[in-house]
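Structure record follows, encoded as structure tokens.
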Amino acid sequence: PFPEELPQRLIRLYTVEEETVLDPFGGTGTTMKVARDLNRNCILYEINPDYIDTIKRKVGWRSQGIQRQHSYELKIKFPLGGTRGGRGNE
């Protein structure tokens with residue numbers, strides 16, 4: 001597991017509240033959760049669609065955890081040559 005303390009220190013050091021954090025290697029969404037907790041916007045990229053539910057659950061995607069005045073984006077990018085349900089890249 002990725003400890004929250006690592007992104008927390010970096011987010012506090014390099015951003016101020018309401019700025020945007022970019023996480024190009026989203027994984028299970030720890031950085032997005034920490035950004036939310038620190039009152040930052042966040043854009044997260046992940047190539048493994050199996051993580052979508054885990055990320056949404058961790059950050060409280062459909063709950064009060066995601067505040068309306070902030071922007072949170074979850075982008076799933078399938079790797080070249082990858083497939084999803086046998087239909088190729090989407």
Spacing of Met32 atom CE and Glu46 atom CD [to the nearest 0.5 Å]:
11.5 Å
Under 4.5 Å between any side-chain heavy atoms of Ile43 and Val21, yes or no?
no
Should the pair Arg57-Asp53 be classified as a salt bridge under the 4.0 Å nitrogen-to-oxygen rule?
no
Could you check if a side-chain atom of Leu74 sits within less than 4.5 angstrom of a side-chain atom of Trp61, using non-hydrogen atoms only?
yes
Measuring from atom OH of Tyr51 to atom NZ of Lys58, what distance do you get when rounded to the nearest 0.5 angstrom?
10.0 Å
If you round to the nearest 0.5 Å, how far is CD of Glu18 from CG of Asn41?
7.5 Å
Minimum side-chain heavy-atom gap Glu73-Lys75 below 4.5 Å:
yes
Pro7 and Thr30, any side-chain heavy atoms less than 4.5 Å apart
yes
For the CG atom of Asp23 and the CG atom of Leu44, what is their distance to the nearest 0.5 Å?
5.0 Å
Arg40 side-chain N/O to Leu38 backbone N/O, donor-acceptor pair under 3.5 Å
yes
State, with a plain yes or no, whether a side-chain heavy atom of Leu22 is found less than 4.5 Å away from one of Tyr45.
yes
Between the side chain of Glu17 and the main-chain N/O of Asn39, is any donor-acceptor distance below 3.5 Å?
no
List in chain and number order the residues that pass side-chain contact (heavy atoms from CB on, under 4.5 Å) with Leu10, two or more places apart in sequence or in another chain; answer none if no residue qualifies.
Tyr14
Atom CG in Leu6, atom CD1 in Ile11: separation rounded to 0.5 Å?
10.5 Å
Residues joined to Ile47 in its hydrophobic cluster, side chain to side chain under 4.5 Å directly or through other members, sorted by chain and number, are none
Between the CG atom in Asp37 and the CD atom in Glu4, the distance rounded to the nearest 0.5 Å is 6.5 Å
